*Asks:* 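Below you will find the structure I want to go over with you.
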2 protein chains.
Amino acid sequence: MGRPRTPLLSKDAIAMAALRLVDGTGEFTIAQVADALRVRPSSLYNHVSSKGEIVEAMRSLVFREGGVSREGGLAAGDSGPWEQTVRAMLRRYRECFARHQRLIPLVTAYTVSSPEVMGMYDELAETLRAADVPDGQLLDVITMCDSVVFGAALDLAAPDEVWAVDQARSPALIAAIQQAGSGRQRSDRAFDLALDILVAGIARLADGA
Amino acid sequence: MGRPRTPLLSKDAIAMAALRLVDGTGEFTIAQVADALRVRPSSLYNHVSSKGEIVEAMRSLVFREGGVSREGGLAAGDSGPWEQTVRAMLRRYRECFARHQRLIPLVTAYTVSSPEVMGMYDELAETLRAADVPDGQLLDVITMCDSVVFGAALDLAAPDEVWAVDQARSPALIAAIQQAGSGRQRSDRAFDLALDILVAGIARLADGA
DNA sequence: ACCTGAACACCGTTCAAGT
DNA sequence: ACCTGAACACCGTTCAAGT
């Protein structure tokens, strides 16, 4: 066939096709992506150099789609109360992956931080510093925020049977599971509670406790 | 060759060989495991039914090795202050994976909960209930503990370059990165801080705040 | 510059055949 | 019951050949 007059592929097009596959099945294959784009597998290598690069492209795509990389109305310069800023940022961060839950295990495998994520950390750092968190603990707090967001996202991706009653043996855990709601609602509520605890903890640090 | 008089393989032997590979390279292959055990790839299928089952076997092995599944001196019946019990449990949980950091992304892919992990959640639930955390929030708190532990373990597994100064653009983040120590120490300190925040937050819940 | 077709080394898994 | 050898369908990746 030779070269087409206008390119059939692009990195973003590849990422979008792969993301659609991951959303649907939790996995993707070079051959499947090529099929979806009506192209031969080897053609992809004119635009990406490995399967891992496609994963990175998907991560970047998801962040751009969620508006995390943009300098939006919640940027560091915002003069509002830092609690609300932090809550909004972490919520937005989690929301990105809430829409693409099955991507989470894939990006967890590589912990490379794309520029989009770094921009998010920059914002968070500015906000926390403005809230008087000591420099020496800034990175630790950010690490915990990251853990909570990623944990919440993973929790969101997990099938409902994670908390299977029949596996639990203690009365306390059985009661807890029975009180809990269904998948998405429970996960959202758990995240809200985590944000409460996080913000309260940060406030204590800022007060020099 | 035919059947040997005494079996050459067992599930645990396979898991141990695979774990050694993962510890060394972050990956494992059926062929590699077979080679390490001086056996043919197809032989493994007399003891496990898939590659995924080997991952599960590794998870189980790591927990047994770390003593998480045992009913140890820190069991639910312990009458000491709940803060210390919670701290010790989560620390022990994280420690399991600290010794096998590269296993983390693999077990994160499947979120199946083995009996060993469930036993850990049972203990945690009993402790938190005894500490007067309301039933309705028990599972949310457990979810957050899980997030923090897994996040800390992932953080431990990540290469040092996660927080690459040259990627950061804000003064606050650059300062934070420069103040932070090296890999293991920083990660340990971050986890300690997370435990502080976690325990303080739980205490607030228990007080009915 | 960009798509193709053929080829490469490797992958996980199955199963009849051996003892 | 348990290891083997051969086979299967598939995998990611490379590269000379085409336009």
Side-chain angles (χ1 to χ4, degrees), chain A residues 1-61 102-103 105-110 112, chain B residues 1-61 102-103 105-110 112:
Chain A
M1 172 193 272
R3 172 159 84 107
R5 352 178 197 67
T6 173
L8 302 176
L9 297 178
S10 72
K11 203 160 167 175
D12 268 348
I14 291 171
M16 286 177 63
L19 189 54
R20 205 157 11 232
L21 285 165
V22 169
D23 283 344
T25 71
E27 304 174 320
F28 78 102
T29 268
I30 297 286
Q32 288 170 340
V33 174
D35 275 357
L37 296 169
R38 308 196 151 278
V39 127
R40 305 295 151 197
S42 56
S43 307
L44 304 190
Y45 289 85
N46 289 296
H47 301 269
V48 295
S49 65
S50 71
K51 192 179 180 184
E53 199 173 311
I54 298 181
V55 173
E56 272 310 295
M58 292 165 88
R59 191 205 311 250
S60 166
L61 184 67
R102 316 192 66 167
L103 178 62
L106 297 191
V107 301
T108 304
Y110 326 36
V112 196
Chain B
M1 175 194 268
R3 173 158 84 108
R5 350 177 200 71
T6 173
L8 302 176
L9 297 179
S10 72
K11 202 161 170 175
D12 269 348
I14 291 171
M16 287 177 63
L19 189 54
R20 206 158 8 232
L21 285 165
V22 170
D23 283 343
T25 71
E27 304 175 319
F28 78 102
T29 269
I30 298 285
Q32 288 170 340
V33 174
D35 275 357
L37 295 169
R38 307 197 152 276
V39 129
R40 304 294 151 195
S42 57
S43 307
L44 304 190
Y45 289 84
N46 288 297
H47 302 268
V48 295
S49 64
S50 71
K51 191 178 180 184
E53 198 173 311
I54 299 181
V55 173
E56 272 310 295
M58 289 164 90
R59 192 206 310 252
S60 165
L61 184 66
R102 316 193 65 167
L103 179 62
L106 298 190
V107 301
T108 304
Y110 327 36
V112 195

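Treat the numbers as computed from the prediction; the structure is a model and nothing was measured. Residue numbering restarts at 1 for every chain, and letters A, B, ... go by the order of the sequence lines.
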*Asks:* Only pairs with both distances under 3.5 Å count, Watson-Crick or wobble alike; so what is the partner of D:dG18 in this structure?
*Replies:* C:dC2

*Asks:* Output the rounded distance in Å from CG (B:Leu8) to P (D:dA1).
*Replies:* 17 Å

*Asks:* Is the phosphate of C:dC11, meaning OP1 or OP2, less than 4.0 Å from a side-chain N or O of B:Thr29?
*Replies:* yes

*Asks:* Rounding to an integer number of Å, can you tell me how far A:Leu37 CG sits from C:dC2 P?
*Replies:* 15 Å

*Asks:* Does a nitrogen or oxygen in the side chain of A:His47 sit under 4.0 Å from OP1 or OP2 of C:dC3?
*Replies:* yes

*Asks:* Taking for each residue the nucleotide of DNA chain C with the nearest heavy atom, is it B:Gln32 or B:Ser43 whose nucleotide lies nearer the 5' end?
*Replies:* B:Gln32

*Asks:* Is the closest side-chain heavy-atom distance between B:Ile30 and B:Ile54 below 4.5 Å?
*Replies:* yes

*Asks:* Counting only side-chain N and O atoms of B:Arg3, is one of them less than 4.0 Å from OP1 or OP2 of D:dC3?
*Replies:* no

*Asks:* Is there a Watson-Crick or G-U wobble partner for C:dC8 with both distances under 3.5 Å, and which nucleotide is it?
*Replies:* D:dG12

*Asks:* How many angstroms lie between atom CG of B:Leu44 and atom CD of B:Glu53, to the nearest 0.5 angstrom?
*Replies:* 11.5 Å

*Asks:* Atom NZ of A:Lys11 to atom C1' of C:dC2: distance rounded to whole Å?
*Replies:* 16 Å

*Asks:* Are the side chains of A:Arg20 and A:Phe28 in contact, using a 4.5 Å heavy-atom criterion?
*Replies:* no

*Asks:* Could you tell me whether the side chain of B:Leu103 reaches within less than 4.5 Å of the side chain of B:Leu19, counting heavy atoms only?
*Replies:* yes

*Asks:* In whole angstrom, what separates B:Ile54's CD1 from C:dT13's P?
*Replies:* 8 Å

*Asks:* In whole angstrom, what separates A:Phe28's CZ from D:dC10's P?
*Replies:* 18 Å

*Asks:* In whole angstrom, what separates B:Arg40's CZ from C:dG12's C1'?
*Replies:* 17 Å

*Asks:* Whole-Å distance between D:dT14 P and A:Tyr45 OH?
*Replies:* 7 Å

*Asks:* For D:dT4 and B:Ser42 - does any side-chain N or O of the residue sit under 4.0 Å from the phosphate oxygens OP1/OP2?
*Replies:* no

*Asks:* Could you tell me if the side chain of A:Ser43 sits less than 4.5 Å from the side chain of A:Leu8, heavy atoms only?
*Replies:* no

*Asks:* In whole Å, what is the span from the CG atom of A:Leu44 to the P atom of C:dG5?
*Replies:* 14 Å

